[in-house]
Amino acid sequence: MAARPDYNLTNALIVTRTVETATTCVVGRVVKDGNADGECQPTTDGVKAIGVITALGPLAGAAGDKVQMAYLAGACIIPVKVGTGGATRGYFAKVVADGVCDATETITTPAAMDVVGFFTQSGVAGDIVGMV
């Protein structure tokens with residue numbers, strides 16, 4: 001184990017999130033979106049992972065506590081227009097004729113080939129939502 005981990009959070013996109021009910025977050029663990037805007041929860045398999053907990057609030061990272069989370073992409077959140085197919089918070093995004101929507105994956109078309117970011121909010125066609 002390294003005595004001190006490498007880190008440089010100079011250009012990291014760090015946001016405050018609320019730990020979702022019935023979960024606990026700890027520093028250094030990967031998280032995914034919660035079931036509501038502004039929430040996060042631990043992920044044990046990396047599916048829909050969006051960030052890493054960098055600091056806990058005054059409490060211990062229990063349900064309802066505020067935590068600091070650094071987005072994995074680290075760049076920024078951009079408002080985008082949702083296209084046909086809709087947007088789901090935590091899902092990868094792809095471009096369609098009238099905006100961006102959830103990227104779907106099939107055996108012949110891996111989602112990674114279409115991905116332009118991932119959604120920080122959910123919406124229907126015509127809405128404007130955040131995308132990293």
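Just so you know, these numbers come straight off a predicted model, no measurement behind them.
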ask   = When rounded to the nearest 0.5 angstrom, what distance separates OG in S122 from OH in Y91?
value = 9.0 Å
message = I'd like to know whether R89 forms a salt bridge (Lys or Arg N to Asp or Glu O under 4.0 Å) with D37, so could you lay out the CA-CA distance, the side-chain angles of the two residues, the decisive distance to 0.1 Å, and finally the verdict.
response = CA-CA 8 Å; R89 178 188 330 96; D37 287 347; 2.8 Å; yes
ask   = Do V27 and L56 come close enough that some side-chain heavy atom pair is under 4.5 Å?
value = yes
request  = Please test R29 against V52 for side-chain contact (heavy atoms from CB on, under 4.5 Å), starting from the C-alpha separation and ending with a verdict.
outcome  = CA-CA 6 Å; R29 292 297 304 266; V52 175; over 6 Å; no
ask   = For the residue pair F118 and Y71, does the interplanar ring angle fall in the parallel (under 30°), tilted (30 to 60°) or perpendicular (over 60°) class?
value = tilted
request  = Give a yes or no on whether K48 atom NZ has more than 12 heavy-atom contacts from other residues, nucleotides or ligands under 6.0 Å away.
outcome  = no
R17 with D33: basic N within carboxylate O range, under 4.0 Å = yes
Interatomic distance, Q41 atom CD to T43 atom OG1 [nearest 0.5 angstrom] = 8.0 Å
request  = Run the numbers on I128 and V80 for side-chain contact (heavy atoms from CB on, under 4.5 Å), then give the verdict.
outcome  = CA-CA 5 Å; I128 303 292; V80 294; over 6 Å; no
inquiry  = Tell me the closest heavy-atom pair linking C25 and V31, and the distance in Å.
reply    = SG-CG1, 3.9 Å
inquiry  = If you compare all heavy atoms of V67 against all heavy atoms of G61, which two are closest, and at what distance to 0.1 Å?
reply    = CG1-CA, 4.2 Å
ask   = Side-chain heavy atoms under 4.5 angstrom apart, residues restricted to Ile, Leu, Val, Met, Phe, Trp, Tyr: same cluster for V95 and V129?
value = yes
inquiry  = Nearest 0.5 Å, please: how far is NZ in K32 from CD in E20?
reply    = 8.5 Å
key: For the student: nearest non-hydrogen atoms of A49 and V30, plus distance   = CB-CG1, 3.5 Å
Gap separating the OG1 atom of T23 from the CD atom of E39, nearest 0.5 angstrom = 8.0 Å
task = Establish, from distance only, whether the side-chain atoms of K66 and T16 form a donor-acceptor pair under 3.5 Å.
result = no
request  = Apply the test side-chain contact (heavy atoms from CB on, under 4.5 Å) to residues C40 and I53: give CA-CA distance (whole Å), side-chain angles for both, the deciding distance (0.1 Å), then the verdict.
outcome  = CA-CA 10 Å; C40 67; I53 300 299; 4.2 Å; yes
task = Give the minimum heavy-atom separation between A62 and V19, together with the two atoms involved.
result = O-CB, 3.4 Å
task = Tell me, with the steps shown, if V82 and V124 meet side-chain contact (heavy atoms from CB on, under 4.5 Å).
result = CA-CA 6 Å; V82 178; V124 297; 5.7 Å; no
